[in-house]
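Have a look at the structure below before the remarks.
What you see is a predicted model; the values in this text were computed from it and never measured.
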Amino acid sequence: MSRKSLSLAEKKGIRWLFHQGEIKTMLDRIERLKSLVSLTFQTSLVEFVEKAHDELVAMGLNVAKIGSTVLAIEADQRAHMRKTESLHVDLQALGWTLRDSANTTTKVERTVATIDRSQQDQASEKVLRWLSSLDFSRKHNATFEKHAPGTGEWFLGHSEFLAWRQGEYKVLWCPGGPGVGTWP
């Protein structure tokens, strides 16, 4: 956001705390956090099952008790999976919210820039009206309507003009008599 746009935004009471790059960084961090949380749940569950199995074997419990423990572990695993899925959905929703915020920031920046350009155009027009009462746009439009197709194409395609346009020359001298399009 340009300095002028920021000033205008502040004057209008609009202030966004995040820049698009910061939002991308936050989204990347959230994605890493989501992966870490999922891995942590899976690792903890595997360690729990392994420890429970070792304890059961060591204590010599019968098959019925082992079966009920396995069922309880499966129930815990399903509960953990539901929590993980819920966390995943919440993290996705947060990601969408941050993306929407980034889009909103971009739209606000564009709107502020448009308002700034409009105010600059109005100021320029005001200065022009102050300098002269002539209607330059009407004069320009009337002259433009008289334009004949193909006029000046020889000039725009000329090697000297093209060399100047590409920066080979610093000055392009175009001599000519009055009324042929040269500067008075």
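In this structure, Lys83 has no salt bridge (Lys or Arg N to Asp or Glu O under 4.0 Å) partners at least two apart in sequence or on a different chain. Residues passing the salt bridge (Lys or Arg N to Asp or Glu O under 4.0 Å) test with Arg82, sequence neighbours excluded: none. The salt bridge (Lys or Arg N to Asp or Glu O under 4.0 Å) check on Asp121 picks up nothing, with sequence neighbours excluded. In terms of the salt bridge (Lys or Arg N to Asp or Glu O under 4.0 Å) criterion, Glu160 has no residue partners (sequence neighbours excluded).
Distance CD1/Ile73 to NE2/His80: 10.5 Å, rounded to 0.5 Å. We find the CZ-CD distance between Arg117 and Gln122 to be 13.0 Å, quoted to the nearest 0.5 Å. Rounded to the nearest 0.5 Å, atoms OG1 (Thr151) and NE2 (His147) are 5.0 Å apart. The distance from atom CD of Gln92 to atom CG of Leu87, rounded to the nearest 0.5 Å, is 10.5 Å. Between Lys126 atom NZ and Gln119 atom CD the span is 12.0 Å, to the nearest 0.5 Å. Put simply, CZ on Arg110 and CD1 on Ile115 are 14.5 Å apart, with the number rounded to the nearest 0.5 Å.
At least one donor-acceptor pair under 3.5 Å links the side chain of Ser124 to the backbone N or O of Gln120. Looking only at distances, a side-chain donor or acceptor of Ser101 sits under 3.5 Å from a matching main-chain atom of Thr97.
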Yes or no on side chain to side chain contact (heavy atoms under 4.5 Å, CB included) for Glu74 and Leu71, after CA distance, side-chain angles and deciding distance?
CA-CA 5 Å; Glu74 288 175 347; Leu71 291 176; 3.7 Å; yes

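In the hydrophobic clustering, where aliphatic and aromatic side chains (Ile, Leu, Val, Met, Phe, Trp, Tyr) are joined below 4.5 Å either directly or transitively, Phe144 stands alone. Listed by chain and number, the hydrophobic cluster partners of Leu172 are Trp154, Phe155, Leu156, Phe161, Leu162, Trp164, Tyr169, where partners are ILVMFWY side chains within reach of under 4.5 Å, directly or through others.
Residues Lys107 and Thr104 are not in side-chain contact: their nearest non-hydrogen atoms beyond the backbone lie 4.5 Å or more apart. By the 4.5 Å heavy-atom criterion applied to side chains, Asp28 and Arg32 are counted as neighbours.
Residue Arg99 places its CZ atom among more than 12 non-hydrogen atoms of other residues, nucleotides or ligands, all under 6.0 Å distant.
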